[in-house]
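The chains referred to below are lettered A, B, ... by the order of the sequence lines, with proteins before strands, and numbering in each begins at 1.
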There are 2 protein chains.
Amino acid sequence: MTVSKTSEKSSEKPADPAKVRKDAAEVQGQGPGEALQLGELSEQLGYVLKRAQLKVFENFLRCMASLQLTPAQFSVLLLVEKNPGRNQTEIASTLGILRPNFVAMLDNLESRDLCARIRSTNDRRSHILVLTDKGKAVLARAKKLVATKHEARLNELLGPSNREALLGMLSKIANEF
Amino acid sequence: MTVSKTSEKSSEKPADPAKVRKDAAEVQGQGPGEALQLGELSEQLGYVLKRAQLKVFENFLRCMASLQLTPAQFSVLLLVEKNPGRNQTEIASTLGILRPNFVAMLDNLESRDLCARIRSTNDRRSHILVLTDKGKAVLARAKKLVATKHEARLNELLGPSNREALLGMLSKIANEF
DNA sequence: TGATAATTGTTATGGACCATATCAAATATC
DNA sequence: GATATTTGATATGGTCCATAACAATTATCA
(Lines give C-alpha, C1' and ligand atoms only; values in the text may rest on other atoms or scores of the structure.)
Protein backbone atom coordinates (compact mmCIF):
# COMPACT_ATOMS: atom_id res chain seq x y z
CA MET A 1 0.00 0.00 0.00
CA THR A 2 1.86 3.09 -1.22
CA VAL A 3 0.87 6.31 0.47
CA SER A 4 1.79 9.58 -1.19
CA LYS A 5 3.70 11.78 1.20
CA THR A 6 1.78 14.90 0.29
CA SER A 7 -1.75 13.72 -0.34
CA GLU A 8 -3.09 14.19 3.18
CA LYS A 9 -6.23 16.26 3.12
CA SER A 10 -5.52 18.02 6.37
CA SER A 11 -2.79 20.59 6.83
CA GLU A 12 -0.93 18.40 9.29
CA LYS A 13 2.61 17.33 8.62
CA PRO A 14 2.82 14.18 6.58
CA ALA A 15 3.70 10.99 8.38
CA ASP A 16 7.42 10.96 9.12
CA PRO A 17 8.68 7.42 9.72
CA ALA A 18 11.96 8.71 11.13
CA LYS A 19 10.16 10.87 13.68
CA VAL A 20 7.96 7.96 14.67
CA ARG A 21 10.96 5.69 15.15
CA LYS A 22 12.65 8.34 17.24
CA ASP A 23 9.58 8.69 19.45
CA ALA A 24 9.42 4.94 19.79
CA ALA A 25 13.09 4.70 20.71
CA GLU A 26 12.48 6.84 23.77
CA VAL A 27 9.99 4.31 24.94
CA GLN A 28 11.71 1.02 24.18
CA GLY A 29 11.60 -1.31 27.11
CA GLN A 30 9.68 1.23 29.11
CA GLY A 31 6.76 0.44 31.38
CA PRO A 32 6.67 -1.49 34.62
CA GLY A 33 6.92 -4.75 32.73
CA GLU A 34 3.66 -6.02 34.14
CA ALA A 35 0.16 -4.60 34.42
CA LEU A 36 -0.97 -2.01 31.90
CA GLN A 37 -2.72 1.18 32.96
CA LEU A 38 -6.34 1.29 31.85
CA GLY A 39 -6.42 5.03 32.36
CA GLU A 40 -9.50 6.84 31.11
CA LEU A 41 -10.80 3.59 29.68
CA SER A 42 -12.25 2.56 33.03
CA GLU A 43 -14.34 5.74 33.01
CA GLN A 44 -15.81 5.13 29.56
CA LEU A 45 -19.38 3.98 30.01
CA GLY A 46 -19.42 2.07 26.71
CA TYR A 47 -16.33 0.11 27.60
CA VAL A 48 -17.50 -0.93 31.05
CA LEU A 49 -21.00 -1.60 29.77
CA LYS A 50 -19.78 -3.94 27.07
CA ARG A 51 -17.53 -5.87 29.41
CA ALA A 52 -20.29 -6.23 32.00
CA GLN A 53 -22.67 -7.45 29.32
CA LEU A 54 -20.20 -10.10 28.15
CA LYS A 55 -19.75 -11.34 31.71
CA VAL A 56 -23.47 -11.51 32.33
CA PHE A 57 -24.14 -13.43 29.12
CA GLU A 58 -21.28 -15.78 29.90
CA ASN A 59 -22.74 -16.51 33.32
CA PHE A 60 -26.20 -16.92 31.82
CA LEU A 61 -24.91 -19.55 29.39
CA ARG A 62 -23.24 -21.45 32.22
CA CYS A 63 -26.43 -21.44 34.27
CA MET A 64 -28.42 -22.64 31.25
CA ALA A 65 -25.97 -25.28 30.10
CA SER A 66 -28.31 -28.10 31.06
CA LEU A 67 -31.16 -26.62 29.00
CA GLN A 68 -29.04 -25.40 26.11
CA LEU A 69 -30.75 -22.03 25.93
CA THR A 70 -29.03 -18.84 24.82
CA PRO A 71 -30.15 -15.45 26.13
CA ALA A 72 -31.84 -14.74 22.79
CA GLN A 73 -33.69 -18.05 22.78
CA PHE A 74 -34.79 -17.53 26.37
CA SER A 75 -36.16 -14.12 25.47
CA VAL A 76 -38.13 -15.57 22.57
CA LEU A 77 -39.70 -18.23 24.77
CA LEU A 78 -40.56 -15.66 27.45
CA LEU A 79 -42.16 -13.35 24.92
CA VAL A 80 -44.17 -16.08 23.17
CA GLU A 81 -45.42 -17.35 26.52
CA LYS A 82 -46.51 -13.88 27.53
CA ASN A 83 -48.03 -13.11 24.10
CA PRO A 84 -49.36 -16.29 22.57
CA GLY A 85 -51.06 -16.01 19.23
CA ARG A 86 -48.73 -13.38 17.79
CA ASN A 87 -46.93 -13.89 14.52
CA GLN A 88 -43.23 -14.00 13.70
CA THR A 89 -42.99 -10.36 12.65
CA GLU A 90 -44.48 -9.12 15.89
CA ILE A 91 -42.33 -11.28 18.16
CA ALA A 92 -39.15 -10.64 16.21
CA SER A 93 -39.57 -6.88 15.95
CA THR A 94 -40.25 -6.31 19.64
CA LEU A 95 -37.02 -8.19 20.35
CA GLY A 96 -35.09 -6.16 17.81
CA ILE A 97 -34.53 -9.24 15.64
CA LEU A 98 -34.86 -8.83 11.89
CA ARG A 99 -37.36 -11.15 10.27
CA PRO A 100 -34.87 -12.94 8.05
CA ASN A 101 -32.67 -13.74 11.03
CA PHE A 102 -35.63 -14.90 13.07
CA VAL A 103 -36.36 -17.76 10.69
CA ALA A 104 -33.34 -19.87 11.61
CA MET A 105 -33.92 -19.17 15.29
CA LEU A 106 -37.46 -20.49 15.07
CA ASP A 107 -36.32 -23.46 12.98
CA ASN A 108 -34.06 -24.34 15.88
CA LEU A 109 -36.69 -23.93 18.61
CA GLU A 110 -39.29 -25.77 16.54
CA SER A 111 -36.94 -28.67 15.75
CA ARG A 112 -36.45 -29.06 19.49
CA ASP A 113 -40.22 -29.04 19.94
CA LEU A 114 -40.14 -25.98 22.18
CA CYS A 115 -42.47 -23.86 20.10
CA ALA A 116 -44.61 -24.26 17.00
CA ARG A 117 -45.63 -22.23 13.96
CA ILE A 118 -49.30 -22.46 13.10
CA ARG A 119 -50.80 -20.99 9.96
CA SER A 120 -53.22 -18.29 11.03
CA THR A 121 -56.80 -18.74 9.92
CA ASN A 122 -57.34 -15.00 9.84
CA ASP A 123 -54.36 -14.18 7.68
CA ARG A 124 -52.94 -17.19 5.90
CA ARG A 125 -49.67 -15.41 5.26
CA SER A 126 -48.67 -15.30 8.89
CA HIS A 127 -47.55 -17.90 11.36
CA ILE A 128 -48.99 -17.84 14.85
CA LEU A 129 -46.43 -18.73 17.47
CA VAL A 130 -47.18 -20.83 20.53
CA LEU A 131 -45.18 -22.77 23.06
CA THR A 132 -45.55 -26.53 23.04
CA ASP A 133 -46.12 -28.35 26.31
CA LYS A 134 -42.47 -29.23 26.30
CA GLY A 135 -41.63 -25.62 25.60
CA LYS A 136 -43.67 -24.50 28.60
CA ALA A 137 -41.98 -27.06 30.81
CA VAL A 138 -38.51 -26.14 29.65
CA LEU A 139 -39.22 -22.45 30.08
CA ALA A 140 -40.44 -23.07 33.62
CA ARG A 141 -37.22 -24.86 34.46
CA ALA A 142 -35.23 -22.12 32.76
CA LYS A 143 -36.92 -19.45 34.87
CA LYS A 144 -36.02 -21.31 38.02
CA LEU A 145 -32.40 -21.66 36.96
CA VAL A 146 -32.19 -17.98 36.09
CA ALA A 147 -33.73 -16.94 39.38
CA THR A 148 -31.74 -19.25 41.65
CA LYS A 149 -28.36 -19.26 39.94
CA HIS A 150 -28.14 -16.18 37.73
CA GLU A 151 -30.10 -13.31 39.25
CA ALA A 152 -29.30 -14.56 42.73
CA ARG A 153 -25.62 -14.10 41.94
CA LEU A 154 -26.36 -10.52 41.03
CA ASN A 155 -28.17 -9.93 44.29
CA GLU A 156 -25.31 -11.20 46.39
CA LEU A 157 -22.89 -9.05 44.41
CA LEU A 158 -24.83 -5.78 44.44
CA GLY A 159 -27.58 -6.22 46.97
CA PRO A 160 -31.28 -6.12 46.03
CA SER A 161 -31.71 -2.35 46.14
CA ASN A 162 -28.64 -1.66 44.03
CA ARG A 163 -29.71 -4.33 41.58
CA GLU A 164 -33.06 -2.58 41.25
CA ALA A 165 -31.39 0.79 40.75
CA LEU A 166 -29.08 -0.67 38.12
CA LEU A 167 -32.00 -2.13 36.21
CA GLY A 168 -33.81 1.19 36.31
CA MET A 169 -30.87 3.14 34.94
CA LEU A 170 -30.20 0.63 32.21
CA SER A 171 -33.85 0.71 31.19
CA LYS A 172 -33.72 4.47 31.05
CA ILE A 173 -30.69 4.31 28.78
CA ALA A 174 -32.22 1.61 26.62
CA ASN A 175 -35.43 3.58 26.16
CA GLU A 176 -34.46 7.25 26.24
CA PHE A 177 -30.90 7.48 25.00
CA MET B 1 -36.54 -32.85 8.74
CA THR B 2 -38.32 -35.99 9.95
CA VAL B 3 -38.54 -36.34 13.69
CA SER B 4 -39.28 -39.75 15.12
CA LYS B 5 -42.30 -39.59 17.39
CA THR B 6 -40.81 -41.80 20.06
CA SER B 7 -37.15 -40.91 20.15
CA GLU B 8 -37.35 -38.19 22.78
CA LYS B 9 -34.92 -38.85 25.59
CA SER B 10 -37.19 -37.46 28.28
CA SER B 11 -40.28 -39.18 29.54
CA GLU B 12 -42.53 -36.35 28.38
CA LYS B 13 -45.34 -36.99 25.95
CA PRO B 14 -44.20 -36.80 22.35
CA ALA B 15 -45.10 -33.71 20.40
CA ASP B 16 -48.75 -33.86 19.40
CA PRO B 17 -49.46 -31.62 16.41
CA ALA B 18 -53.20 -31.88 16.94
CA LYS B 19 -52.88 -30.73 20.55
CA VAL B 20 -50.68 -27.83 19.49
CA ARG B 21 -53.16 -26.75 16.84
CA LYS B 22 -55.96 -26.96 19.37
CA ASP B 23 -54.02 -24.79 21.82
CA ALA B 24 -53.30 -22.34 19.04
CA ALA B 25 -56.93 -22.18 18.00
CA GLU B 26 -57.89 -20.87 21.41
CA VAL B 27 -55.57 -18.00 20.85
CA GLN B 28 -56.23 -17.07 17.24
CA GLY B 29 -56.78 -13.39 16.82
CA GLN B 30 -56.20 -12.86 20.50
CA GLY B 31 -54.18 -10.03 21.99
CA PRO B 32 -54.93 -6.32 22.06
CA GLY B 33 -53.84 -6.00 18.47
CA GLU B 34 -51.15 -3.51 19.30
CA ALA B 35 -48.34 -3.38 21.82
CA LEU B 36 -46.89 -6.66 23.09
CA GLN B 37 -46.31 -7.30 26.78
CA LEU B 38 -42.64 -7.53 27.64
CA GLY B 39 -43.48 -9.26 30.90
CA GLU B 40 -40.57 -10.68 32.86
CA LEU B 41 -38.22 -9.70 30.05
CA SER B 42 -37.93 -6.16 31.37
CA GLU B 43 -36.65 -7.58 34.67
CA GLN B 44 -33.94 -9.67 33.06
CA LEU B 45 -30.63 -7.97 33.65
CA GLY B 46 -29.02 -9.49 30.57
CA TYR B 47 -31.77 -8.28 28.29
CA VAL B 48 -31.76 -4.69 29.56
CA LEU B 49 -27.98 -4.64 29.69
CA LYS B 50 -27.65 -5.71 26.07
CA ARG B 51 -30.18 -3.17 24.84
CA ALA B 52 -28.55 -0.36 26.80
CA GLN B 53 -25.17 -1.33 25.41
CA LEU B 54 -26.46 -1.23 21.84
CA LYS B 55 -27.92 2.23 22.39
CA VAL B 56 -24.72 3.54 23.93
CA PHE B 57 -22.56 2.21 21.10
CA GLU B 58 -25.00 3.62 18.55
CA ASN B 59 -24.76 7.06 20.16
CA PHE B 60 -21.00 6.77 20.37
CA LEU B 61 -20.76 6.09 16.64
CA ARG B 62 -22.94 9.11 15.86
CA CYS B 63 -20.77 11.36 18.05
CA MET B 64 -17.64 10.03 16.36
CA ALA B 65 -18.92 10.12 12.81
CA SER B 66 -16.59 12.98 11.88
CA LEU B 67 -13.55 11.05 13.09
CA GLN B 68 -14.67 7.62 11.91
CA LEU B 69 -13.69 5.89 15.13
CA THR B 70 -15.48 2.84 16.51
CA PRO B 71 -15.60 2.17 20.25
CA ALA B 72 -13.00 -0.57 19.84
CA GLN B 73 -10.65 1.68 17.86
CA PHE B 74 -11.06 4.45 20.41
CA SER B 75 -10.16 2.06 23.20
CA VAL B 76 -7.03 0.95 21.36
CA LEU B 77 -5.87 4.54 20.87
CA LEU B 78 -6.57 5.37 24.51
CA LEU B 79 -4.65 2.35 25.73
CA VAL B 80 -1.65 2.90 23.44
CA GLU B 81 -1.46 6.54 24.49
CA LYS B 82 -1.52 5.57 28.15
CA ASN B 83 0.95 2.69 27.67
CA PRO B 84 3.35 3.53 24.87
CA GLY B 85 6.05 1.04 24.10
CA ARG B 86 3.92 -2.06 24.64
CA ASN B 87 3.57 -4.72 21.99
CA GLN B 88 0.53 -6.02 20.18
CA THR B 89 -0.04 -8.99 22.46
CA GLU B 90 -0.09 -6.82 25.57
CA ILE B 91 -2.45 -4.20 24.18
CA ALA B 92 -4.78 -6.73 22.58
CA SER B 93 -5.03 -9.00 25.61
CA THR B 94 -5.87 -6.26 28.08
CA LEU B 95 -8.69 -5.23 25.76
CA GLY B 96 -9.93 -8.80 25.45
CA ILE B 97 -9.07 -8.88 21.76
CA LEU B 98 -7.49 -12.05 20.41
CA ARG B 99 -4.17 -11.51 18.68
CA PRO B 100 -5.26 -12.78 15.29
CA ASN B 101 -8.19 -10.37 15.28
CA PHE B 102 -6.01 -7.50 16.39
CA VAL B 103 -3.92 -7.61 13.23
CA ALA B 104 -6.59 -6.25 10.89
CA MET B 105 -7.52 -3.60 13.45
CA LEU B 106 -3.96 -2.35 13.56
CA ASP B 107 -3.65 -2.54 9.78
CA ASN B 108 -6.58 -0.14 9.65
CA LEU B 109 -5.26 2.30 12.25
CA GLU B 110 -1.78 2.20 10.74
CA SER B 111 -3.05 2.77 7.20
CA ARG B 112 -4.78 5.89 8.50
CA ASP B 113 -1.52 6.96 10.10
CA LEU B 114 -3.00 7.00 13.60
CA CYS B 115 -0.54 4.56 15.13
CA ALA B 116 2.61 2.74 14.10
CA ARG B 117 4.24 -0.65 14.62
CA ILE B 118 7.96 -0.50 15.35
CA ARG B 119 10.17 -3.57 15.54
CA SER B 120 11.44 -3.79 19.08
CA THR B 121 15.21 -3.73 19.47
CA ASN B 122 15.00 -5.84 22.60
CA ASP B 123 12.89 -8.60 21.13
CA ARG B 124 12.82 -8.59 17.37
CA ARG B 125 9.68 -10.73 17.30
CA SER B 126 7.46 -8.08 18.79
CA HIS B 127 6.06 -4.83 17.50
CA ILE B 128 6.13 -1.81 19.76
CA LEU B 129 2.99 0.31 19.39
CA VAL B 130 3.01 4.10 19.47
CA LEU B 131 0.64 6.84 18.42
CA THR B 132 1.73 9.05 15.54
CA ASP B 133 1.43 12.81 15.89
CA LYS B 134 -1.73 12.60 13.86
CA GLY B 135 -2.96 9.80 16.10
CA LYS B 136 -2.40 11.94 19.18
CA ALA B 137 -4.24 14.85 17.58
CA VAL B 138 -7.17 12.71 16.49
CA LEU B 139 -7.40 11.10 19.90
CA ALA B 140 -7.46 14.50 21.56
CA ARG B 141 -10.34 15.57 19.35
CA ALA B 142 -12.08 12.26 20.00
CA LYS B 143 -11.83 12.72 23.75
CA LYS B 144 -13.43 16.13 23.47
CA LEU B 145 -16.28 14.78 21.35
CA VAL B 146 -16.88 11.94 23.78
CA ALA B 147 -16.88 14.26 26.77
CA THR B 148 -19.05 17.02 25.30
CA LYS B 149 -21.52 14.99 23.24
CA HIS B 150 -21.51 11.44 24.53
CA GLU B 151 -20.86 11.38 28.26
CA ALA B 152 -22.62 14.71 28.66
CA ARG B 153 -25.77 13.09 27.29
CA LEU B 154 -25.47 10.49 29.99
CA ASN B 155 -25.13 13.08 32.68
CA GLU B 156 -28.24 14.92 31.64
CA LEU B 157 -30.14 11.66 31.49
CA LEU B 158 -29.04 10.17 34.82
CA GLY B 159 -27.37 12.96 36.70
CA PRO B 160 -23.70 12.90 37.68
CA SER B 161 -24.08 10.93 40.88
CA ASN B 162 -26.23 8.24 39.29
CA ARG B 163 -23.83 8.05 36.38
CA GLU B 164 -21.01 7.43 38.84
CA ALA B 165 -23.02 4.78 40.66
CA LEU B 166 -23.86 3.07 37.39
CA LEU B 167 -20.22 2.94 36.39
CA GLY B 168 -19.28 1.49 39.74
CA MET B 169 -21.82 -1.31 39.55
CA LEU B 170 -20.95 -2.17 35.98
CA SER B 171 -17.26 -2.31 36.89
CA LYS B 172 -18.08 -4.60 39.77
CA ILE B 173 -19.99 -6.91 37.44
CA ALA B 174 -17.26 -6.79 34.81
CA ASN B 175 -14.56 -7.64 37.34
CA GLU B 176 -16.17 -9.86 39.95
CA PHE B 177 -18.98 -11.71 38.25
C1' DT C 1 27.30 -25.17 22.57
C1' DG C 2 23.20 -26.99 20.17
C1' DA C 3 18.62 -29.31 20.18
C1' DT C 4 14.06 -28.35 21.76
C1' DA C 5 10.36 -25.56 23.48
C1' DA C 6 7.90 -21.23 23.80
C1' DT C 7 6.52 -16.64 22.07
C1' DT C 8 5.18 -13.01 18.51
C1' DG C 9 2.88 -11.50 14.65
C1' DT C 10 0.44 -13.36 10.93
C1' DT C 11 -2.67 -16.03 7.73
C1' DA C 12 -6.42 -18.94 6.92
C1' DT C 13 -10.68 -20.46 8.19
C1' DG C 14 -15.17 -21.28 10.29
C1' DG C 15 -18.97 -19.91 13.27
C1' DA C 16 -22.30 -16.57 15.21
C1' DC C 17 -24.70 -12.49 14.58
C1' DC C 18 -26.47 -8.67 11.85
C1' DA C 19 -28.23 -6.26 7.62
C1' DT C 20 -30.10 -5.83 2.81
C1' DA C 21 -32.25 -7.31 -1.41
C1' DT C 22 -35.41 -10.30 -3.34
C1' DC C 23 -39.16 -13.71 -3.89
C1' DA C 24 -43.82 -16.22 -3.79
C1' DA C 25 -48.03 -16.39 -1.49
C1' DA C 26 -51.56 -13.97 0.55
C1' DT C 27 -53.92 -9.84 1.62
C1' DA C 28 -55.08 -4.84 1.35
C1' DT C 29 -56.13 -0.82 -1.37
C1' DC C 30 -58.24 1.69 -4.82
C1' DG D 1 -59.84 -6.44 -10.85
C1' DA D 2 -55.15 -4.16 -11.27
C1' DT D 3 -51.74 -2.60 -8.13
C1' DA D 4 -49.48 -2.18 -3.81
C1' DT D 5 -48.37 -4.07 0.71
C1' DT D 6 -47.40 -7.61 4.03
C1' DT D 7 -45.52 -12.17 5.66
C1' DG D 8 -42.34 -15.74 5.90
C1' DA D 9 -38.42 -17.31 3.55
C1' DT D 10 -33.88 -17.56 0.88
C1' DA D 11 -29.60 -15.82 -0.54
C1' DT D 12 -25.90 -13.13 0.41
C1' DG D 13 -22.42 -10.13 2.45
C1' DG D 14 -20.34 -7.82 6.46
C1' DT D 15 -18.50 -7.79 11.08
C1' DC D 16 -16.96 -9.85 15.08
C1' DC D 17 -15.14 -13.81 17.53
C1' DA D 18 -12.47 -18.24 18.02
C1' DT D 19 -9.09 -21.93 16.67
C1' DA D 20 -5.31 -24.04 14.12
C1' DA D 21 -1.18 -23.51 11.95
C1' DC D 22 3.18 -21.20 10.30
C1' DA D 23 7.82 -18.55 10.03
C1' DA D 24 10.85 -15.86 12.60
C1' DT D 25 12.78 -15.12 16.84
C1' DT D 26 13.93 -16.00 21.54
C1' DA D 27 14.12 -18.91 25.80
C1' DT D 28 15.31 -23.21 27.97
C1' DC D 29 18.31 -26.62 29.29
C1' DA D 30 20.75 -31.06 28.50
With a 3.5 Å distance limit and no angle check, can you tell me whether B/T132 reaches the backbone of B/D113 through a side-chain donor-acceptor pair? yes
Quick note, A/P100 side chain, CB onward, closest among C/dT10, D/dT7, C/dT20 is C/dT20
Nearest of D/dA18, D/dT7, C/dT20 to any side-chain atom of A/L98? C/dT20
Hey, is the side chain of A/S126 poking within less than 4.0 Å of OP1 or OP2 on C/dA26, counting only N and O atoms? no
Would you indicate, yes or no, if D/dA9 has its OP1 or OP2 atom less than 4.0 angstrom from a side-chain nitrogen or oxygen of A/R117? yes
Could you state the [atom1]-[atom2] distance from [X] to [N], rounded to the nearest angstrom?
{"X": "A/E58", "N": "C/dA16", "atom1": "CD", "atom2": "P", "value": "17 Å"}
{"X": "B/Q88", "N": "D/dA24", "atom1": "CD", "atom2": "C1'", "value": "14 Å"}
{"X": "A/Q73", "N": "C/dA16", "atom1": "CD", "atom2": "C1'", "value": "12 Å"}
{"X": "B/N101", "N": "C/dG9", "atom1": "CG", "atom2": "P", "value": "14 Å"}
{"X": "A/H127", "N": "D/dT6", "atom1": "NE2", "atom2": "C1'", "value": "13 Å"}
{"X": "A/R86", "N": "D/dT7", "atom1": "CZ", "atom2": "C1'", "value": "16 Å"}

Work out which heavy atom in B/V146 is nearest to a heavy atom in B/M64; give both atom names and the distance. CG2-CE, 3.3 Å
Non-hydrogen atoms of B/L45 and A/L170 that approach each other most closely: CD1-CD1, 4.0 Å
Can you work out whether B/R125 or A/T121 has the more 5'-proximal nearest nucleotide on DNA chain C? B/R125
Quick one: on DNA chain C, does A/R124 or A/I97 contact a more 5' nucleotide (nearest heavy atom)? A/I97
Under-4.0 Å salt bridge between B/E110 and B/R117: yes
Base, sugar-phosphate, or nothing: which does B/D123 touch, judged by heavy atoms less than 4.0 Å apart? sugar-phosphate
